[in-house]
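All of these numbers come straight from a predicted model, not from anything done at the bench.
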Amino acid sequence: MSSTPPGEWSRLHLKSPIAVFQGPFDTLQDRALDRVAVAPGRFPVVVLMPGMGLSAPMYAALAEDLASHGYLVAGVTPTYSANLTVLGGKTVESKPEANPPNLGDSTESSQQVGDHLVTVWSADARFAAGMVAKQLPGSVDSAVGPSYVGHSFGGAASLEACRQDQRCAAAVDLDGSQFGDVVTKGVKAPIMLLGADDSCITSVCGPDAKNDTDRNRALSLLKASNGAAWCATIPGSRHFNFTDYGVYYLAYPLRKFLPLGSVGPRHALTVTNGYLNAFLSHAIYKTPAPGAPACRT
């Protein structure tokens, strides 16, 4: 079926005049089906958190692959932080206090803002996990706690949600600078940190990193964590290679403008999905450990 976002979600497409450099959503095809019954059986819950300003539908490639491996995936779009949220058929846009422009700065004030916001996002993530269990009680594997997976600021929120959720099975941070109490208090559950080539979020800076301010926070997180931790960098990747921008048609000027690396876009998502599924399977079902190396501290 077509993966065109329905109704007002179609506004996720870039606006004119730059829209001419992005292909239409209705040229994308996926294997997802709308409003189908959950398969028989009981499945673990995975909460999927987006990057700051982005929305859950922009991670369909990750969500669909996780679902195909037997997880109930709940995508969260943080209202007022996302550039576009659709509630009851009506659109809600972001607000500066919930989507601060200086969040990526290495200043003390921006870190304080991020530390505050991550508590809001982590609460949203834990609420979403609870709602899945409440609405699908016959489909949720109650013997397994929820796992949290997030990209960018959503990765920080996933780690913080896992810290606060005593039943958390695992957490994954996809190229997200860490914020909140989790930086100093750590996580008890297994965690995975996947970074881009220009990132230091794994505590080891990638070959193209130009700012190492994230390294100390990652080191603090890892030293404070009690569970097993795996870290990896995806060669040739940049920040948006963890999103659906990797499968959108983007003309050369736009592709060079966005943070997409030299790696094949589909290959980057395939590698990401491989790491995610190997890690979650190991954390939940005790299958062999993922191929990523243990994190260094």
Side-chain angles (χ1 to χ4, degrees), residues 47-56 58-59 75-85 92-129 148-165 168 171-187 189 191-196 198-206 209-225 229 231 238-240 242-243 259 295 297:
V47 178
L48 183 59
M49 301 294 293
M52 179 62 71
L54 305 184
S55 304
M58 306 174 86
Y59 295 84
V76 177
T77 298
T79 311
Y80 303 121
S81 289
N83 295 330
L84 175 68
T85 304
V92 180
E93 297 183 350
S94 65
K95 294 185 176 181
E97 57 269 31
N99 187 347
N102 65 335
L103 194 60
D105 298 346
S106 57
T107 63
E108 183 177 349
S109 62
S110 65
Q111 290 187 356
Q112 290 176 347
V113 171
D115 289 344
H116 168 70
L117 271 179
V118 81
T119 63
V120 178
W121 281 45
S122 64
D124 288 345
R126 289 180 286 114
F127 176 79
Y148 299 92
V149 176
H151 169 240
S152 193
F153 195 75
S158 294
L159 293 171
E160 180 64 13
C162 189
R163 182 190 73 82
Q164 294 185 3
D165 186 344
C168 175
V172 179
D173 177 358
L174 303 174
D175 206 39
S177 304
Q178 291 96 21
F179 290 95
D181 286 344
V182 72
V183 173
T184 55
K185 296 182 179 180
V187 183
I191 62 175
M192 173 172 275
L193 309 180
L194 285 181
D198 56 351
S199 167
C200 299
I201 68 100
T202 67
S203 81
V204 177
C205 295
K210 297 180 176 61
N211 186 335
D212 63 358
T213 55
D214 289 335
R215 180 168 52 192
N216 290 339
R217 294 175 73 84
L219 282 169
S220 176
L221 161 74
L222 292 170
K223 289 178 179 178
S225 296
C231 293
R238 293 291 184 273
H239 198 56
F240 271 22
F242 299 94
T243 74
C295 298
T297 58

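Partners of Phe153 according to the ring pair (Phe, Tyr, Trp, His ring centres under 6.0 Å) rule, which considers only residues two or more places apart in sequence or in another chain, are Trp121, Phe179. Considering only residues two or more places apart in sequence or on other chains, Ser152 meets the side chain to side chain donor-acceptor pair (under 3.5 Å) condition with His239. Contacts of Ser110 classified as side-chain contact (heavy atoms from CB on, under 4.5 Å), with partners at least two apart in sequence or in another chain: Asn102, Asp105, Thr107. With sequence neighbours left out, Asp165 forms a side-chain contact (heavy atoms from CB on, under 4.5 Å) with Arg126, Pro146, Tyr148, Arg167, Cys168. Listed by chain and residue number, Ile191, Leu222, Cys295 satisfy the side-chain contact (heavy atoms from CB on, under 4.5 Å) test with Ala229 (two or more places apart in sequence, or in another chain).
The side-chain heavy atoms of Val149 and Met192, taken from C-beta on, include no pair separated by under 4.5 Å. Proximity of His151 to Pro50: side-chain heavy atoms (C-beta onward) are nowhere separated by under 4.5 Å. The shortest distance between side-chain heavy atoms of Thr184 and Leu221 does not fall below 4.5 Å. Side-chain contact between Leu194 and Asp175: absent, with no pair of heavy atoms (C-beta onward) separated by less than 4.5 Å. Taking 4.5 Å as the limit, every side-chain heavy atom of Val182 sits out of range of all side-chain heavy atoms of Val118.
In this structure, CD on Glu160 lies 8.5 Å from NZ on Lys185, to the nearest 0.5 angstrom. Summarising the geometry, atom CG belonging to Leu159 is positioned 11.5 Å from atom CD belonging to Gln164; distances are rounded to the nearest 0.5 Å. Atom OH of Tyr59 and atom OG1 of Thr243 lie 6.0 Å apart (nearest 0.5 Å). Distance CE/Met58 to CZ/Phe240: 6.5 Å, rounded to 0.5 Å. Atom-to-atom distance recorded for Ser177:OG and Ile201:CD1 is 7.5 Å, nearest 0.5 angstrom.
With 3.5 Å as the limit, one finds a donor-acceptor pair spanning the side chains of Asp173 and Gln178.
Looking only at distances, a side-chain donor or acceptor of Ser225 sits under 3.5 Å from a matching main-chain atom of Val187. Between the Thr202 side chain and the Cys231 main chain, no donor and acceptor come within less than 3.5 Å of each other. Between the Ser55 side chain and the Leu84 main chain, a donor and an acceptor come within less than 3.5 Å of each other. At least one donor-acceptor pair under 3.5 Å links the side chain of Ser158 to the backbone N or O of Gly150.
The list of salt bridge (Lys or Arg N to Asp or Glu O under 4.0 Å) pairs with a residue in residues 211-223, not counting sequence neighbours, reads Asp115-Arg217, Asp212-Arg215.
Within 6.0 Å of CD in Glu97 there are more than 12 heavy atoms belonging to other residues, nucleotides or ligands.
With salt bridges taken as basic N to acidic carboxylate O contacts below 4.0 Å, one links Arg238 and Asp198.
For the residue pair Pro100 and Met52, the shortest heavy atom distance occurs at CD-CE, 4.4 Å. Shown here for Leu54 and Ala82, the closest heavy-atom pair between the two residues is O-CB, 3.4 Å. Closest non-hydrogen pair, Cys200 versus Asn211, comes out as SG-O, 3.5 Å. Residues Ser94 and Ser81 share a closest heavy-atom pair of CB-O, 3.9 Å.
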**OP:** In sequence, state the C-alpha distance, the side-chain angles, and the governing distance for Leu48 and Val76, and then conclude on side-chain contact (heavy atoms from CB on, under 4.5 Å).
**Re:** CA-CA 6 Å; Leu48 183 59; Val76 177; over 6 Å; no

